[in-house]
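A quick write-up on the structure given underneath.
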Amino acid sequence: MSQLLFRKLSSRNNNVLTHKSCRLFSTSRPYLTLGTRVKEVLPGGCKISDVLVFDPAEEELVTFTDKTVDKELMDEEMVGASHGWGFFSSRHDRSVRITDLFNPLASKSNPTVITLPRLTALPPNQIEEVCNVAMTTSSPHLEDCVVAIKFSGNQLSLCMPGRDLEWTNILTPPNCLENSNLMYSKRDKKFYLPAPGGKYLFSYHLHSKEEDIPEVQEVVYRGHPELDQSEWELLSSCTRTEYLVESPCGERFLIKWYALGFYSSVLKGVYHTTKRFMVFREEETTEGSIMCYTEDIGDMCIFLSKSEAFSVPASSCVGLKPNSIYHIGRGLGFYDLSTGNPHEYLAPDGAPTVLTLPYWLPPYFT
């Protein structure tokens, strides 16, 4: 499970970060999951807990109080999120459950928990580590919903909640998609996996079978930022991760995230700081589809984490910065595309020092 430390508060910083309990409205904000704080253990094994999330617009900790955590989730860990639904899995028996525990508009006393078939591995692949998950609909209750899990390695697993008795396990092409980030395109009705470097896009249909070969699309780029030689050399020393994101209106972006690693004595391991994002907007031309470099995505904000990437109009949530990328995994903060300036979040009062459930969740609607 990825872990990340909030940057410590500094006395030289004048920003005041506050803590508040959530007031529920018909819609909510994008949130970052921080975890739960147990308040009471019930006789049946369930727990009454406060759910902790981070509000990036207000830069504050928000608490959803007195949520009932089902006993089935006690020994499971969160492995991903899509459309605001959390995916939990048990290392003991590889069971998978989907829950709306982090939804501020869901029932406090009886959150939804949907059990999926147990995971099975395609030899010799491992299913211990999940890259990310994706879901085709806003709710797993919908009849045509398909959920997908991309594992670290060459396995992609598909399942229709409430209908399939087992997962469809697909062996992805070797040595090219081991750590690729999965996304679902509502426009194309396909699951996409960008290859390292973003040179190719691999796609699978919703009802792909074990033996199916993915469609492969070569990505053609146009334009790059104007950087001097030293800046390109710095980027060449960074780790790079590619994401494919689709806006609510169907506009598609390919994002390259550059982060520089260094050893942290606090984390006792390698820590990364974000150096640059490059964004390419897909445009249709007479020559076909082309990814064109841009530093202007308008009113949109893009959210990147181990959950399925998504975008939100900044105008829909006061406090969000337009034309920005909000990120966690290699640093926590947002990046202003127009200026190229990164902003690192400080730790709000009451936040856990180590994040074990670092997933962005989109706004919820009644």
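- Between the Lys150 side chain and the Glu178 main chain, a donor and an acceptor come within less than 3.5 Å of each other.
- With hydrogens and angles ignored, the 3.5 Å screen pairs a side-chain donor or acceptor of Ser180 with a backbone N or O of Pro194.
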*asked:* Run the side chain to side chain contact (heavy atoms under 4.5 Å, CB included) test on Val69 and Leu101 for me, step by step, so that the C-alpha distance in whole Å, both residues' side-chain angles and the decisive distance to 0.1 Å come before the verdict.
replied: CA-CA 7 Å; Val69 181; Leu101 176 66; 4.2 Å; yes
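- Clustering ILVMFWY residues whenever any of their side-chain heavy atoms sit less than 4.5 angstrom apart, transitively, puts Val216 in a cluster other than the one holding Met291.
- At distances below 3.5 Å, at least one donor-acceptor pair connects side-chain atoms of Asn181 with backbone N or O atoms of Glu242.
- Using a 3.5 Å distance cut-off with no hydrogens or angles, the side chains of Ser95 and Glu76 do pair a donor with an acceptor.
- For the atom pair Ser307 OG and His83 NE2, the distance stands at 11.0 Å (nearest 0.5 Å).
- Side chains of Arg330 and Thr241 form a contact here, defined as non-hydrogen atoms less than 4.5 Å apart.
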Item checked: side chain to side chain contact (heavy atoms under 4.5 Å, CB included) evaluation trace for Phe202 with Cys176 -> CA-CA 10 Å; Phe202 291 73; Cys176 61; 4.0 Å; yes
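- The shortest heavy-atom contact between Tyr326 and Gly319 is OH-O, 4.4 Å.
- Note: Phe310 and Phe303 have parallel aromatic rings, judged against thresholds of 30 and 60 degrees for the angle between ring planes.
- Here the closest non-hydrogen pair linking His327 and Tyr335 is CD2-N, 4.5 Å.
- Interatomic distance, CD1 of Ile302 versus CD1 of Ile297, reported as 4.0 Å (0.5 Å rounding).
- Using a distance-only test at 3.5 Å, with no hydrogens or angles considered, no donor-acceptor pair links the side chain of Ser49 to the main chain of Val51.
- Atom CD of Glu284 has more than 12 neighbouring heavy atoms from other residues, nucleotides or ligands inside a 6.0 Å radius.
- In this pair, Phe64 and Tyr31 present their aromatic rings perpendicular. The plane angle is above 60°, beyond the 30 to 60° band.
- For Glu218 against Tyr200, the heavy-atom pair with the smallest separation is CA-CD2, 3.7 Å.
- Tyr293 and Val245 fall into different hydrophobic clusters, defined by Ile, Leu, Val, Met, Phe, Trp and Tyr side-chain heavy atoms under 4.5 Å apart, directly or through other members.
- Between the Ser305 side chain and the Trp360 main chain, a donor and an acceptor come within less than 3.5 Å of each other.
- Counted by atom type alone, Thr99 and Arg97 present zero donor-acceptor pairs between their side chains at under 3.5 Å.
- For the pair Lys306 and Pro358, the minimum side-chain heavy-atom distance is 4.5 Å or more.
- The closest side-chain donor-acceptor pair between Thr274 and Trp257 falls under 3.5 angstrom.
- Between Asp144 and Lys189 there is no salt bridge, since no side-chain nitrogen of the basic residue lies less than 4.0 Å from a carboxylate oxygen of the acidic one.
- Here the OH-CD distance, from Tyr345 to Glu59, works out to 5.0 Å after rounding to the nearest 0.5 Å.
- In this structure, Trp167 CH2 and Leu156 CG are separated by 9.5 Å, a value rounded to the nearest 0.5 Å.
- Of the possible polar contacts, none joining the Asp100 side chain to the Trp85 backbone as a donor-acceptor pair under 3.5 Å is found.
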| request: Dump the intermediate steps for salt bridge (Lys or Arg N to Asp or Glu O under 4.0 Å) on Lys186 and Glu246, then the final yes or no. | output: CA-CA 8 Å; Lys186 185 177 180 180; Glu246 193 170 273; over 6 Å; no
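- The shortest side-chain heavy-atom distance between Ser203 and Asp188 does not fall under the 4.5 Å cut-off.
- Nearest heavy atoms, Ser208 versus Thr168: O-CG2, 3.4 Å.
- Checked by atom type, the side-chain pair Thr63/Thr65 shows no donor-acceptor distance below 3.5 Å.
- When all heavy atoms are compared, the tightest approach of Asp164 to Met160 is OD2-N, 2.8 Å.
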Practice problem: Could you please spell out the steps behind the side chain to side chain contact (heavy atoms under 4.5 Å, CB included) verdict for Glu72 and Val113? | Solution: CA-CA 9 Å; Glu72 294 177 325; Val113 178; 3.8 Å; yes
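- Glu308 and Asn132 form no side-chain donor-acceptor contact under 3.5 Å, judged by distance and modelled atom types alone.
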| task | Check the pair Arg252, Tyr192 against side chain to side chain contact (heavy atoms under 4.5 Å, CB included), reporting the backbone distance first and the verdict last. | result | CA-CA 12 Å; Arg252 187 173 296 161; Tyr192 279 94; 3.9 Å; yes
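- In the hydrophobic clustering of ILVMFWY residues, with side-chain heavy atoms under 4.5 Å counting as a link, Phe334 and Tyr243 come out apart.
- With respect to Lys321 and Asp336, no salt bridge is recorded, no charged nitrogen being found less than 4.0 Å from a carboxylate O.
- The side-chain heavy atoms of Ser289 and Gln217, taken from C-beta on, include a pair separated by under 4.5 Å.
- Other residues, nucleotides and ligands place no more than 12 heavy atoms under 6.0 Å from the CG atom of Asp75.
- Between Asp66 and the choices Lys108, Lys39, Lys47, the salt bridge (Lys or Arg N to Asp or Glu O under 4.0 Å) rule is met once, by Lys39.
- Between the side chain of Asp299 and the main chain of Ser315, a donor-acceptor pair closer than 3.5 Å is present.
- Within 6.0 Å of the CZ atom in Arg118, the count of heavy atoms belonging to other residues, nucleotides or ligands does not exceed 12.
- The residues Glu283 and Arg222 are annotated as not salt-bridged, no charged nitrogen and carboxylate oxygen being separated by less than 4.0 angstrom.
- With hydrogens and angles disregarded, a donor-acceptor distance shorter than 3.5 Å links the side chain of Ser324 to the backbone of Pro322.
- Nearest approach of Ala195 to Leu177, heavy atoms of both residues: CA-CD2, 3.9 Å.
- In terms of modelled atom types and a separation under 3.5 Å, the side chain of Gln155 and the main chain of Thr120 share a donor-acceptor contact.
- Taking 4.5 Å as the limit, some side-chain heavy atom of Pro30 sits within range of a side-chain heavy atom of Cys317.
- The hydrophobic cluster containing Val312 also contains Ile328, counting ILVMFWY residues as joined when their side-chain heavy atoms lie under 4.5 angstrom apart, directly or transitively.
- For Phe280 and Tyr221, the ring centers are positioned less than 6.0 Å apart.
- Ionic pairing of Glu251 and Arg281 is present here: one or more N-O contacts between side-chain nitrogen and carboxylate oxygen are shorter than 4.0 angstrom.
- Residues Phe191 and Val146 form a side-chain contact, since some pair of their non-hydrogen atoms from C-beta on lies under 4.5 Å apart.
- Leu254 is not connected to Leu304 by any chain of hydrophobic side-chain contacts under 4.5 Å among Ile, Leu, Val, Met, Phe, Trp and Tyr, and they are in different clusters.
- Using a 4.5 Å cut-off on side-chain heavy atoms (C-beta onward), Glu143 and Arg163 make contact.
- Once rounded to the nearest 0.5 Å, the distance linking NZ of Lys67 with SG of Cys46 reads 14.0 Å.
- Side-chain contact between Glu166 and Ser157: absent, with no pair of heavy atoms (C-beta onward) separated by less than 4.5 Å.
- A ring-centre distance under 6.0 Å is not found for Phe253 and Phe277.
- Open room surrounds CD1 on Ile213; 12 or fewer heavy atoms of other groups in view lie less than 6.0 Å from it.
- Each of Leu182, Leu122, Leu119 was checked for a side chain to side chain contact (heavy atoms under 4.5 Å, CB included) with Phe151, and the lone residue meeting it is Leu119.
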